[in-house]
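Accompanying notes for the structure given below.
The sequence lines fix the lettering, A, B, ..., with proteins before strands; numbering per chain opens at 1.
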Amino acid sequence: MTLRLYDTAAREVRDFVPLVAGSAGIYVCGLTVQSEPHVGHVRSAVNFDVLRRWLLHSGYDVTFIRNVTDIDDKILTKAADQGRPWFNLAYEMHHRLGEALAAINVMRPTYEPAATGHVPEILDLIRVLIERGYAYPAADGSGDVYFDVRAWPAYGELTRQAVDDMEPAGDADPRGKRDPRDFALWKGRKPSEPETASWPSPYGAGRPGWHIECSAMAGKYLGSAFDIHGGGVDLRFPHHENEQAQSRAAGHGFASYWMHNAWITTAGEKMSKSLGNSLLIPEVLKRVRGIELRFYMVAAHYRSQVEFSFEALDDAAAGFRRIEGFLDRADAATSDVAGAVTPVLCAEFVEALDDDLGTPAAVGAIYDLVREGNKHLAEGNLVAARGAVASVRAMLGVLGLDPADPAWGETGSDARLSAAVDALVRGLLAQRTEARAAKDFARADAIRDQLAAAGVEIEDTPDGPRWSL
RNA sequence: GGUGGGUUGGCCGAGAGGCGAGGCAACGGACUGCAAAUCCGUGUACACGGGUUCAAAUCCCGUACCCACCUCCA
């Protein structure tokens, strides 16, 4: 079975046929770096990271572009409110985003272009659109340049909307527009805006409109036509509709497949409307580990809306610990088993991912193998258990969830800390083992309770006690 | 007004005409000094009303409720 993906433009699942056999070019709309990322923001990154890893595993040579919008109205407004330069805010939030994504093991993109670094490419594209008759400088002297939606007959094709049914665009003063739905490619500088937020152009000083950057950067890094364009559902319109219109009007094939991830909501609502600080990534990571947060996101299908709750997050984390528990115990039990092991991905796992990245079913396949592996352990079948470990780990790896991946690695101080805790706990466990040997169970249980109170759990195994947090 | 998505057991979350994905929780059993972990077992779930069919959570018609987008939101 080959990979099949749901294409938003076609509204159906289609076989994935790359433009160039064996390679895949992907462009994902990243964030506007105007505030600290919350769990909703990073879902998109995780979803497309799974797509990327699955393509890589399937043997594709993947070029993965995820942009950053580092100039827009909100950045300018927020920076002004905070009394600092807009680029200072954008740079800091870009940094925070990087930290958040690293904490949940999202691979770095092949390139991560930013709008402000591509003004020449953007102006070049605008020039072509004007020459071809699909764009025009505003007649009111504002310095704006608009895309002429009436001039491009295919406008609305991505989201199947008729121009006449659309509400007028509100992103610019409509006076200079030929049609209220026309959208800005270039925004002339307003006197209220800082000079640093403008670039010279044939139409006057200004800055790029939102949509044009993606068309320009996708073209630069992936070529005139490429395979997959992704982003959150909210971007279908206007952002992606406009991107496609601009690029195709300029003579480019643009994306073959459109993929959109659904929202994470809270209390049934889109996160941006009711966001408390508790859902910012650093806050969530005080409650669960990054790998557990990632598991929570991967366990849901990317096109399903996820209703965020800490209860559900805790459940997911508990479920993931079951998998980790198996790996830990099996590793300890099979460390002496000789011979190389070739990890095999379960057929159900492969089929699940090939079917529009069916991560829920893929996770189900992992649990099935964990149960099997636990059975092997219980029966002392160590060779089979070791094979299960290798396969479970390989499948987790495809999902970016292998606990042994150095990307999750401890920092130096964490490693020293856990070594110290390990030494202390071992000392107590030795005392407990002595007490148990002497049948002094009251004392043994007291030690166990003492450790439990500190958050350390004890398991007695045939090979002696083990501890975990 | 236009466009798209949704409603599944105590909870989370798949599936898309016929065997109850899976996880968490609960209950029983095995194991254990007691636990924990693990294994085995235990469930008449598909918003509502009609219809099609030998058979519907799944297809059709209708209804209700929820969510998203309609020009600078992942």
Taking [M] as the reference, what is the distance to [N] when you measure between their [atom1] atoms (whole Å, please)?
N     : M     : atom1 : value
B/C59 : B/U7  : P     : 12 Å
B/G10 : B/A68 : P     : 27 Å
B/G18 : B/C60 : P     : 15 Å
B/A16 : B/G6  : P     : 13 Å
B/U58 : B/C48 : P     : 10 Å
B/A35 : B/G49 : P     : 47 Å
B/A14 : B/C66 : P     : 22 Å
B/G15 : B/C54 : P     : 29 Å

Counting only side-chain N and O atoms of [X], is one of them less than 4.0 Å from OP1 or OP2 of [N]?
X        : N     : result
A/Lys177 : B/U71 : no
A/Ser304 : B/G6  : no
A/Lys74  : B/C73 : yes

Go through [options] for me and flag the one nearest to the [X] side chain.
X        : options             : answer
A/Pro238 : B/C39, B/A14, B/U71 : B/U71
A/Ala300 : B/C70, B/C39, B/G13 : B/G13
A/His211 : B/U71, B/G22, B/A21 : B/U71

Round to the nearest Å and state the distance from [X] atom [atom1] to [N] atom [atom2].
X        : N     : atom1 : atom2 : result
A/Phe183 : B/C73 : CZ    : P     : 15 Å
A/Asp182 : B/C70 : CG    : C1'   : 16 Å
A/Glu351 : B/A21 : CD    : P     : 17 Å
A/Ile366 : B/C24 : CD1   : P     : 14 Å
A/Asn67  : B/C73 : CG    : P     : 13 Å
A/Tyr296 : B/G23 : OH    : P     : 19 Å
A/Tyr367 : B/G13 : OH    : C1'   : 11 Å
A/Asn374 : B/C39 : CG    : P     : 4 Å

Short N-O contact, [X] and [Y], less than 4.0 angstrom:
X        : Y        : answer
A/Arg436 : A/Asp440 : no
A/Asp460 : A/Arg432 : yes
A/Arg207 : A/Glu193 : yes
A/Arg108 : A/Asp49  : no
A/Glu324 : A/Arg289 : yes

For a quick check of understanding: with a heavy-atom distance under 4.0 Å over all strands, which category does [X] fall into, base, sugar-phosphate or nothing?
X        : result
A/Gly231 : sugar-phosphate
A/His239 : nothing
A/Asn242 : base
A/Thr32  : sugar-phosphate
A/Gly209 : nothing
A/Tyr155 : base

* Report yes if the side chains of A/Arg248 and A/Trp152 come closer than 4.5 Å at any heavy-atom pair, otherwise no. =>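 Yes; the side chains approach each other to less than 4.5 Å.
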Do [X] and [Y] meet the criterion of a side-chain donor-acceptor pair at a distance under 3.5 Å?
X        : Y        : answer
A/Tyr155 : A/Asn242 : yes
A/Tyr136 : A/Asp182 : yes
A/Asn67  : A/Glu213 : yes

* Asked: In B/S/- notation, 5' to 3', how is nucleotides 30-37 of chain B contacted by protein heavy atoms closer than 4.0 Å?
  -> ---BBBBS
* Asked: Has A/Phe441 got more than 12 heavy atoms of other residues, nucleotides or ligands less than 6.0 Å from its CZ?
  ->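 Yes, the 6.0 Å shell around CZ holds more than 12 heavy atoms from other groups.
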* A/Arg150, CZ atom: more than 12 neighbouring heavy atoms under 6.0 Å ->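 Counting neighbours around CZ of A/Arg150, more than 12 heavy atoms of other residues, nucleotides or ligands fall under 6.0 Å, so yes.
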* Structure fact -> Note, RNA chain B 5' to 3' with Watson-Crick or G-U pairs under 3.5 Å encoded as ( ), [ ], | and . gives (((((((..(((.....[...))).(((((.......)))))....(((((..]....))))))))))))....
* Asked: What about the rings of A/Phe254 and A/Phe226, do their centers lie closer together than 6.0 Å?
  ->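 That pair passes the under 6.0 Å test.
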* Measure from NZ or CZ of A/Arg66 to the centre of the six-membered ring of A/Phe48 and say whether it is under 6.0 Å with the direction within 45° of the ring axis. =>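 Not satisfied by the 6.0 Å and 45° rule.
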* **Passing candidate, side-chain hydrogen bond (donor to acceptor under 3.5 Å, both in side chains) with A/Glu92, options A/Arg96, A/His95, A/His94** =>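 Going through A/Arg96, A/His95, A/His94 one by one, the side-chain hydrogen bond (donor to acceptor under 3.5 Å, both in side chains) with A/Glu92 is satisfied by A/Arg96 alone.
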* Asked: Closest nucleotide of RNA chain B for A/Val370 versus for A/Ala312: which of these residues is on the 5' side?
  ->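 Here A/Ala312 is the residue nearer the 5' end.
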* Specify the residue among A/Gly358 and A/Val363 whose closest nucleotide of RNA chain B lies further upstream toward the 5′ end. =>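 Nearest nucleotide further toward 5': that of A/Gly358.
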Report each atom pair, protein N/O against N/O of nucleotides 2-4 of chain B, whose distance is under 3.5 angstrom.
from, atom 1, to, atom 2, distance (Å)
B/G2, N2, A/Gln161, OE1, 3.4
B/U3, O2', A/Thr159, O, 3.2
B/G4, O2', A/Arg236, NH1, 3.1

